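Let me begin by presenting the structure, written as structure tokens, before commenting on it.
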Amino acid sequence: MTNSTEHFDTFLAISAWLTGYEPVELQGTGMVQTYYSTLRENITAIDLDAFFAESDFILAKAQTDVDAAKVRTASHLMQNSSFNSLGKQIILMWYIGQWFADPSGDPNNSVQINAQSYVEALMWPTADTHPPGAKEPGFGSWAVKPVSVDTFNVTL
Amino acid sequence: MTEKQYDVVVVGSGIAGAVLAKVLTQAGKEVLMLEAGLTAGMALKPEEDYENYQSYLQRFYETTIKATNTPYPEIKDAPSISVLEIQPQTPYETGYMVQLGPLPFGSDCLRAPGGTTLHWLGNVPRMLPNDFQMKTLYDQGVDWPICYDDLMRYYEMAENEIGVAGDVDSQQGPDMSRSNYGPDYVFPMDKIPQSYQDQVWIKSTNGLDVSLYGKTYTVNCISMPQGRNSTPNNDYRYADTVWDPASQSLNLITTDKNYEVVGATWNSYTGERCEGNASCVPICPVQAKYNALKTLKKADESKLDIITKAVASRVLIEPGGTDVAGIMYKAYTDPDSIEYTPHIAKGKIYVLACSAIENAKLLLASNVANSSDQVGRNLMDHLVLLTWGLLPEKGYPYRGPGCTTYIPTFRDGEFRKDFAAWISPIDNWGWSWPTFAPGSDVTNAVINNAMFGKDLRSHLNADVPRQTLLHFECEQAPCADNRITISEKYKDHLDNYRPVIEYDASDYMRKSFKAAKHVSDQIFAANNIEDHTIYSPTEADYVTWDGQGYTFRGAGHIVGTHRMGSSASESVVDKNQRTWDHQNLYLVGCGNMPTLGTSNPTLTMTAMTYQAAESILKQLESNN
Ligand SMILES: Cc1cc2nc3c(=O)[nH]c(=O)nc-3n(C[C@H](O)[C@H](O)[C@H](O)COP(=O)(O)OP(=O)(O)OC[C@H]3O[C@@H](n4cnc5c(N)ncnc54)[C@H](O)[C@@H]3O)c2cc1C
Ligand code: SF4
């Protein structure tokens with residue numbers, strides 16, 4: 001049985017690896033705890049243990065050989081058969097703010113996690129913008145390039 | 001049960017009802033307003049107003065599938081049409097509207113205090129002079145009983161009330177120039193800045209020659225006048241519209257002071273400028289965008305009684321006469337219960353301002369104002385053909401108001417004899433309308449293509465900011481068979497009728513889809529936009545023309561169900577918007593419009609509502 005903080009560090013690290021965002025950026029959303037709890041509510045402890053064991057393995061590999069870690073991720077976390085698409089569920093949760101019950105089966109079966117998960121969904125900063133209805137950038141901001149672009153740390 | 005007799009009973013608190021309540025009470029008349037929606041939305045006390053509005057915003061954030069009505073309460077006793085109920089296959093009766101087809105009607109409206117302006121976009125171009133003479137000039141539809149010049153002064157009142165931001169001098173296009181506005185006229189506020197994406201577009205689109213059926217048209221891109229706050233224009237000199245008993249007319253009075261921006265209903269310092277929330281549809285968090293509650297707040301409270309949770313159900317006629325004797329409404333306590341108590345509202349004059357669909361329904365249910373058999377007929381909308389693609393460079397969409405620039409080039413021309421004219425707003429919100437982007441871009445990349453990590457992030461960052469979308473909002477011509485009816489079979493929770501819709505897109509419309517796509521192809525080519533438009537036979541409102549398929553979408557511009565005309569046999573209201581059949585019953589709203597033009601309808605409808613208010617005041621005073 002996992003306790004409530006076990007795997008928390010792995011969750012943050014694998015979230016960063018899967019989303020392409022730095023851990024500090026993810027922490028900056030204030031959503032890490034909420035999403036970690038969402039996982040624990042929806043996935044059995046046994047499945048989580050197995051998923052995080054594989055995640056630890058990939059993260060360790062990424063320290064020395066990024067390409068090999070990517071290949072391993074593709075084959076062990078991103079297949080529909082991998083942990084019932086849990087890797088995909090985590091990415092979608094971060095990018096869209098919704099929990100997809102069955103991403104590879106019925107992609108329309110999702111629920112908004114809460115109001116904050118809408119506001120903090122990563123798809124908005126990824127698209128060089130802000131969530132509609134929140135984090136308003138100010139009068140006339142849309143007439144110039146988004147300010148975030150200059151500071152956006154994408155050396156991807 | 002009978003109650004106090006008012007000068008005027010107004011049903012509905014949308015922009016049409018709110019303008020009447022404001023003008024009539026300020027002219028000293030006693031007004032009763034009936035509103036089907038919940039009391040909290042009426043926004044009368046700042047603190048409760050703020051809290052209620054925040055609950056709307058919260059509901060918007062929390063809801064998984066976000067649609068136009070999402071932020072607002074769903075009430076069974078006064079259901080609203082939802083775009084989420086639309087299905088490709090007709091007939092169906094699963095939503096509030098019963099859709100008999102052959103095509104589903106694709107627009108919605110909102111039953112709540114403030115009405116549909118809570119979730120409108122706020123684009124407010126005027127109609128063109130030629131739009132009022134479609135029969136004479138192009139042998140299509142009907143002529144209006146009034147012309148553009150008749151409406152000019154009322155347009156100015158409507159632009160004052162809505163608080164239009166725009167640039168008059170740039171309003172240039174077919175049948176449109178400075179002369180449409182008069183020599184010195186300016187809008188209350190400077191134009192809303194045009195988006196960065198617009199500027200990318202303008203480079204290769206402004207001045208572009210496109211060909212269509214052997215004719216060349218030079219495309220231009222101009223700023224969109226809109227009902228959202230920007231910087232006051234120092235040259236604007238109008239204060240407010242005021243009734244002058246001596247001349248028996250409404251007049252815009254002038255002032256030395258600058259235009260005063262109208263902020264949020266709960267705090268006038270909130271929303272003094274559009275802050276770029278980019279969520280105007282369905283909710284502007286700061287109310288920088290105009291909504292009807294702003295107008296309602298300016299009514300003289302001492303002369304206005306508002307009854308909420310009151311669903312007008314029947315217009316009652318004097319036994320043996322033709323005058324309206326009262327309006328029967330059903331008052332509910334619990335919005336989802338079938339319990340109600342019937343009441344009768346009494347006034348000297350009655351005005352229905354419930355929006356085109358509900359007005360028509362109420363008239364049909366009461367069997368009034370329909371000697372012409374036109375009630376419910378000629379239902380119209382802009383049929384919106386969307387085309388979308390990827391710009392060669394980032395235009396940075398998903399920022400600012402929905403539209404800041406439009407192409408007026410095909411709003412008027414001889415081609416209107418053959419196919420429908422259209423207006424082309426350039427959309428600032430990426431592919432969100434046709435594809436539910438950017439969520440769908442994420443699901444596609446992650447679920448279908450198993451992308452992750454920095455590759456995923458850079459893929460989305462490279463593509464989503466290049467998304468661009470163009471609208472072709474085609475003017476639907478009136479057709480008697482596009483209509484709303486009622487049936488004993490279809491009732492709602494309070495035993496009121498549900499709207500039953502028959503709807504189709506004529507050849508005149510389908511031809512314009514073909515023409516529009518042809519124009520889009522040329523504009524996309526000139527801008528090196530990679531076309532990603534897909535029209536799928538499985539979508540609602542997919543139609544074919546000349547071997548090609550097109551999907552159109554509803555614009556929310558619900559028009560024409562109780563049209564105005566010059567004879568009692570062919571129209572429901574006269575040019576003063578009084579019903580031909582009942583001397584004390586007026587109708588207001590887009591239902592009165594005989595044809596649609598290519599402009600978003602609300603500004604014109606609001607101008608017409610000022611005209612109706614003037615007629616009502618004259619009638620009240622002549623009876624005294
Ligand atoms: C998504 C969307 C975007 C839009 N964007 C634009 C735009 O950019 N520009 C533009 O010009 N137009 C736009 N429109 C159209 C515009 O919103 C409407 O034309 C306008 O709001 C209609 O105003 P109204 O007062 O006639 O009716 P409504 O605003 O619909 O108000 C009707 C009122 O009557 C009440 N009511 C209804 N039935 C009853 C009853 N039986 N008893 C008592 N009360 C009742 C309702 O609760 C409501 O308060 C848009 C519409 C939509 C849906
Ligand atoms: S862009 Fe934002 S602030 Fe401006 S009107 Fe729209 S929602 Fe309101």
Side-chain angles (χ1 to χ4, degrees), chain A residues 16-21 66 69-70 73-74 77-80 85 87-88 91-92 95-98 100 103-104 107-108 110-119 121-146 149 152 154-156, chain B residues 57-66 192-199 229-231 273-280 282-286 288 394 396-401 404 428-430 432 437-439 441-443 446-448 450-458 460-461 464-465 467:
Chain A
W17 172 253
L18 288 174
T19 59
Y21 275 76
V66 170
K70 280 189 184 176
T73 305
L77 293 187
M78 295 302 294
Q79 300 293 317
N80 291 343
S85 303
K88 291 181 178 178
I91 301 175
L92 295 168
Y95 269 87
I96 303 183
Q98 297 181 358
F100 285 71
S104 305
N108 296 321
S110 65
V111 289
Q112 191 66 44
I113 291 167
N114 60 26
Q116 206 51 26
S117 74
Y118 167 74
V119 173
L122 294 180
M123 63 184 175
W124 303 113
T126 308
D128 295 331
T129 186
H130 62 96
K135 302 191 181 183
E136 69 283 357
F139 183 67
S141 55
W142 56 87
V144 294
K145 280 187 188 181
V149 171
F152 199 50
V154 266
T155 40
L156 302 167
Chain B
L57 192 59
Q58 198 67 12
R59 192 178 293 116
F60 165 65
Y61 290 161
E62 280 170 2
T63 304
T64 305
I65 300 173
K66 301 188 193 324
I192 291 282
Q194 290 167 274
S195 69
Y196 178 83
Q197 183 197 233
D198 292 341
Q199 296 159 44
N229 290 334
S230 83
T231 316
R273 296 287 182 278
C274 167
E275 299 178 359
N277 269 296
S279 60
C280 331
I283 184 167
C284 174
V286 293
K394 289 185 178 182
Y396 301 107
Y398 300 98
R399 299 187 311 139
T404 38
N428 282 330
W429 295 342
S432 54
D441 297 293
V442 177
T443 52
V446 176
I447 299 177
N448 302 335
M451 295 184 82
F452 65 91
K454 297 221 185 291
D455 293 342
L456 169 67
R457 183 175 173 182
S458 63
L460 293 170
N461 181 256
V464 179
Q467 291 180 352

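Keep in mind it's a predicted model, so treat the numbers as computed, not measured. Order of the sequence lines fixes the chain letters, A, B, ..., with proteins taken first and strands second; residue numbering starts at 1 for each chain.
Distance check, rounded to the nearest 0.5 Å: NZ of A/Lys70 to NZ of B/Lys454 gives 9.5 Å.
Closest of all the heavy-atom pairs between B/Arg399 and A/Thr129 is CG-OG1, 3.2 Å. When every heavy atom of A/Ser85 is checked against every heavy atom of A/Pro103, the shortest pair comes out as CB-CG, 3.8 Å. Across all their heavy atoms, B/Tyr398 and B/Trp429 have their closest contact at CE2-O, 3.3 Å. The minimum heavy-atom distance linking B/Leu57 with A/Gly133 is given by the pair CD1-O, 4.3 Å. Across every non-hydrogen atom of B/Tyr61 and A/Ala115, the tightest pair is CB-CB, 3.6 Å.
A/Leu18 touches chain B through backbone and side chain together, each having a heavy atom under 4.5 Å away. Contacts of B/Gln199 with chain A are made by side-chain atoms alone, with heavy-atom separations under 4.5 Å and no backbone atom involved. Both the backbone and the side chain of A/Ser110 come within contact range of chain B, with heavy atoms under 4.5 Å apart. Using a 4.5 Å cut-off between heavy atoms, A/Val144 touches chain B through its backbone atoms (N, CA, C, O) alone. Interface remark: B/Ser230 contributes backbone and side-chain atoms alike to the contact with chain A (heavy atom separation under 4.5 Å). Of the two parts of A/Ala134, the backbone and the side chain both hold a non-hydrogen atom closer than 4.5 Å to a non-hydrogen atom of chain B. Looking at B/Ile283, there are no atoms closer than 4.5 Å to chain A (heavy atoms on both sides), in backbone or side chain. Proximity to chain A involves both the backbone and the side chain of B/Pro438, based on heavy atoms less than 4.5 angstrom apart. Using a 4.5 Å cut-off between heavy atoms, B/Asp441 makes no contact with chain A at all. In this structure, no portion of B/Pro282 lies under 4.5 Å from any heavy atom of chain A.
Taking chain A as the reference chain and counting heavy-atom pairs below 4.5 Å, the highest number among B/Pro285, B/Ser432, B/Pro401 is found for B/Pro401. Chain B forms more heavy-atom pairs under 4.5 Å with one residue of A/Asn80, A/Asn114, A/Thr73, A/Leu77 than with any other, namely A/Thr73. For chain B, the option among A/Gln98, A/Lys88, A/Gln116 with the highest count of heavy-atom pairs below 4.5 Å is A/Lys88. Listed options A/Ser141, A/Ala143, A/Gly87, A/Pro137 were ranked by heavy-atom pairs under 4.5 angstrom with chain B; first place goes to A/Ala143. Residue with the most contacts toward chain A among B/Gly276, B/Ala278, B/Gly400: B/Gly276 (heavy-atom pairs, distance under 4.5 Å). Per-residue counts of heavy-atom pairs under 4.5 Å with chain A were compared for B/Gln467, B/Arg59, B/Gln194; the largest is that of B/Gln194.
Under a 3.5 Å cut-off, the side chain of A/Trp124 and the backbone N or O of A/Pro132 do not form any donor-acceptor pair.
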* **Step-by-step side-chain contact (heavy atoms from CB on, under 4.5 Å) determination, A/Thr126 to A/Tyr21** => CA-CA 10 Å; A/Thr126 308; A/Tyr21 275 76; 2.7 Å; yes

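Inspection of the B/Ser195 and B/Asp198 side chains reveals an N or O donor paired with an N or O acceptor under 3.5 Å.
Ring pair A/Trp17/B/Phe452 is tilted by interplanar angle, where 30° to 60° counts as tilted.
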